[in-house]
Amino acid sequence: MMEEAASQLERDHVHSVYDKIAPYFNDSRYKAWPKVRQFLLDLPPGSIVADIGCGNGKYLHINKEVFKLGCDVCRPLVDFAWSQGHEVQMCDGLRLPYRDGCFDAVLSIAVIHHFSTKERRIRAIKEMARTLRVGGRIMIYVWAMEQKRRKFEKQDIFVPWNPNPHLSSAFNRDDTKPRRRAAAQSVSEAIDNTENYRKVRSTSSVADEEDVTQTVPQQRTQRLWFFSRSLDSVFDFGSLAISWPSSRDLRHLSSATGENEGNKPNQRARGRGLIKQVSSFFSPPSVIGSEEDVFDSDTDLQKDPNDPRGPSNPTNNNGKENQGVSVSLAQECGSLALPDLISLQQENLRQSEDQSVREPIGTGQHEGTQSPEEQVEVSCLRYYHVFREGELAELIEHNVEELHVTQNYFDHANWCVVAEKVQLWKI
Amino acid sequence: MKLLTHNMLTSHVKGVTKGYPLLIKATEVKVNEVDFNPKFVCRMIPKLEWSALVQAADQLGHREDLPGELVPDYEKNEDFLRKVHRVLLEVEVIEGCLQCPESGREFPISRGIPNMLLNEDEA
């Protein structure tokens, strides 16, 4: 079922990734977004606020006059928040363990973009609305598809975790700034021990980028993005491509990761397993039989994504339509004048009509096998559904009648909505 | 887990309609010292389910002489407010579990953190 696929995707590419990278969040680089801080400071004394998806609790110390509690699925992050003296629980955003109408305010900062279907995103918002009292307010921040100088090409993406922002700054004579800006969202998780303030973990964007420019000499590196069709449209899919850059290219990215040191065969297997797992949402595992297969030209399949091992489902053989589910890797090459959203395997795709991918130059995509370091990177891919302008407000207006949108704005790399819980009268 | 938090928590197991309040079975309880802010306590009181608070304090053996019902004019009653302050903010469950009153399902509390995650079949 779609629900299981969605749940699995989130387990693999949200929950387990945060479990792994949690230690990197608890550093000095992360500060609170000013507007979120202000939202908290504006609350009347004696308010009760819930930070749903609180992560390491970066917002829980703001405003001593209100009672704050936080929750998250990630145990290591929640443990850290507790160690800072905060009231925190483990729970799932789709099933909040709080009674109806008990909160005066709710925060959802960079959380719901991790839900992999529209339906789940709506359910998450409805759950939060349920716990709000009438008149209470919710503030939601999600990653924006539109960044200041560019946009993500697709809305459903996998973003690799990069613990070291310095290596991740793309160097490009032609087009340095925009590239780094788009890439900056994963720079946000970077560790920078020289700086001593905290930042929202997943939406650093502008601020991070500026910091990196100032403090770090530019280094040449690669940026990797996976783009996939949303699970919502998975039944339309026709083709699949997974491409992989050369091992040389990836070495830069992962060299800083401490965990590369040990257990390489394990990581290799795990990474391969993950590629298979990710791709299995969109095609049967037989497509990805080996690493060499990844580079094969014909990976176009008509198959029910929810039944990868079963026979072809005829209803999905919409050959004509051929809306590709393309899980493609976009590589940002420092020396190339490329937009950041390109597919290495564009020539190998049986293109769907709205694929606007371009071929990278000289990336050596057929080079050799992956190094173990590369495999580690695969396992730290986080799934995001980035939002278009107006999408979040629209989502609420059309699906969550108990919330009334009062503010809707763009804040750095995020779309933000503030909404008020209203009383619904049922006749 | 403080009792102010507990007052908000409910069982959300599928099919349960009377999941509140959760019963507390504590194996380790701490009492901390927290700055007394009477205004803060005053403002919290109307937001509480009072009987759930009393029941919880009782289960932890920390009820002392907290009244079963709210006293009138509590805003000016510093003695009362101090008692409430203690029970709401100073008493803390470090280890134990929270039990759904209807289904009996137990949610563990470890290192001060209640784990309210449900299994696939409960959600």
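In this text the structure is predicted, and so the values were computed from the model without any measurement. These values consider heavy atoms only, across backbone and side chains, with no hydrogens, waters or symmetry-generated copies. Throughout, protein chains are lettered first and strands after them, A, B, ... in sequence-line order, and every chain is numbered starting at 1.
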Choice from B/Leu117, B/Leu89, B/Ile109, B/Leu118 maximising heavy atom contacts with chain A below 4.5 Å:
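Going by pairs under 4.5 Å, I would pick B/Leu117.
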Most heavy-atom pairs under 4.5 angstrom with chain A, which of B/Gly19, B/Pro21, B/Ser110?
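Going by pairs under 4.5 Å, I would pick B/Ser110.
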Chain B-proximal positions within residues 132-140 of chain A [heavy-atom distance under 4.5 Å]:
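From residues 132-140 of chain A, none sit under 4.5 Å of chain B.
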Which atom names give the shortest non-hydrogen contact between [X] and [Y], and what distance separates them?
X        : Y        : result
B/Leu9   : A/Tyr98  : CD2-CE2, 3.6 Å
B/Ile113 : A/Val88  : CG2-O, 3.7 Å
A/Phe67  : B/Met44  : CB-CE, 3.7 Å
B/Met8   : A/Cys102 : SD-CB, 3.6 Å

Judged by atom type as modelled, is there a donor-acceptor pair below 3.5 Å linking the side chain of B/Lys47 to the main-chain atoms of A/Gly46?
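Side chain of B/Lys47 to backbone of A/Gly46: a pair is present.
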In terms of heavy-atom contacts, does [atom1] of [X] have more than 12 from other residues, nucleotides or ligands at under 6.0 Å?
X        : atom1 : value
B/Glu33  : CD    : no
B/Asp35  : CG    : no
A/Gln423 : CD    : yes

Is it the backbone or the side chain of [X] that comes under 4.5 Å from a heavy atom of chain A, or both, or neither?
X       : result
B/Val13 : backbone
B/Asn32 : neither
B/Leu48 : backbone

Looking only at side chains, do B/Asn115 and A/Arg75 share a donor and an acceptor under 3.5 Å apart?
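A/Arg75 and B/Asn115 do not have a side-chain donor-acceptor pair below 3.5 Å.
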Under a 4.5 Å heavy-atom cutoff, which of A/Cys71, A/Ala50, A/Cys91 has the most pairs with chain B?
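Of the candidates given, the most pairs with chain B belong to A/Cys91.
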As an exercise: rank A/Glu87, A/Lys64, A/Gln89 by heavy-atom pairs under 4.5 Å with chain B and give me the winner.
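Counting heavy-atom pairs under 4.5 Å, the top option is A/Glu87.
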Region of [X] in contact with chain B, defined by heavy-atom distances below 4.5 Å:
X        : answer
A/Leu96  : backbone
A/Asp104 : side chain
A/Leu69  : side chain

salt_bridge(B/Glu120, A/Arg11) N-O dist < 4.0 Å:
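Salt bridge present between B/Glu120 and A/Arg11.
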CD-CZ distance between A/Glu65 and B/Arg43, expressed to the nearest 0.5 angstrom:
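A/Glu65 CD to B/Arg43 CZ: 7.5 Å, rounded to 0.5 Å.
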Once rounded to the nearest 0.5 Å, what's the spacing between atom CG of B/Leu4 and atom CD1 of A/Ile48?
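B/Leu4 CG to A/Ile48 CD1: 5.5 Å, rounded to 0.5 Å.
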B/His12: partners by ring-ring contact (aromatic ring centres under 6.0 Å, His included), with sequence neighbours left out
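Per chain and number, B/His12 pairs via ring-ring contact (aromatic ring centres under 6.0 Å, His included) with B/Phe107.
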Scan for ring-ring contact (aromatic ring centres under 6.0 Å, His included) pairs involving residues 43-84 of chain B, sequence neighbours excluded, and state none if there are none.
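Matches after skipping sequence neighbours: B/Trp50-B/Phe80.
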State which residues pass side-chain hydrogen bond (donor to acceptor under 3.5 Å, both in side chains) with B/Asp73; sequence neighbours excluded, sorted by chain then number.
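For B/Asp73, no residue satisfies side-chain hydrogen bond (donor to acceptor under 3.5 Å, both in side chains) once neighbours in sequence are set aside.
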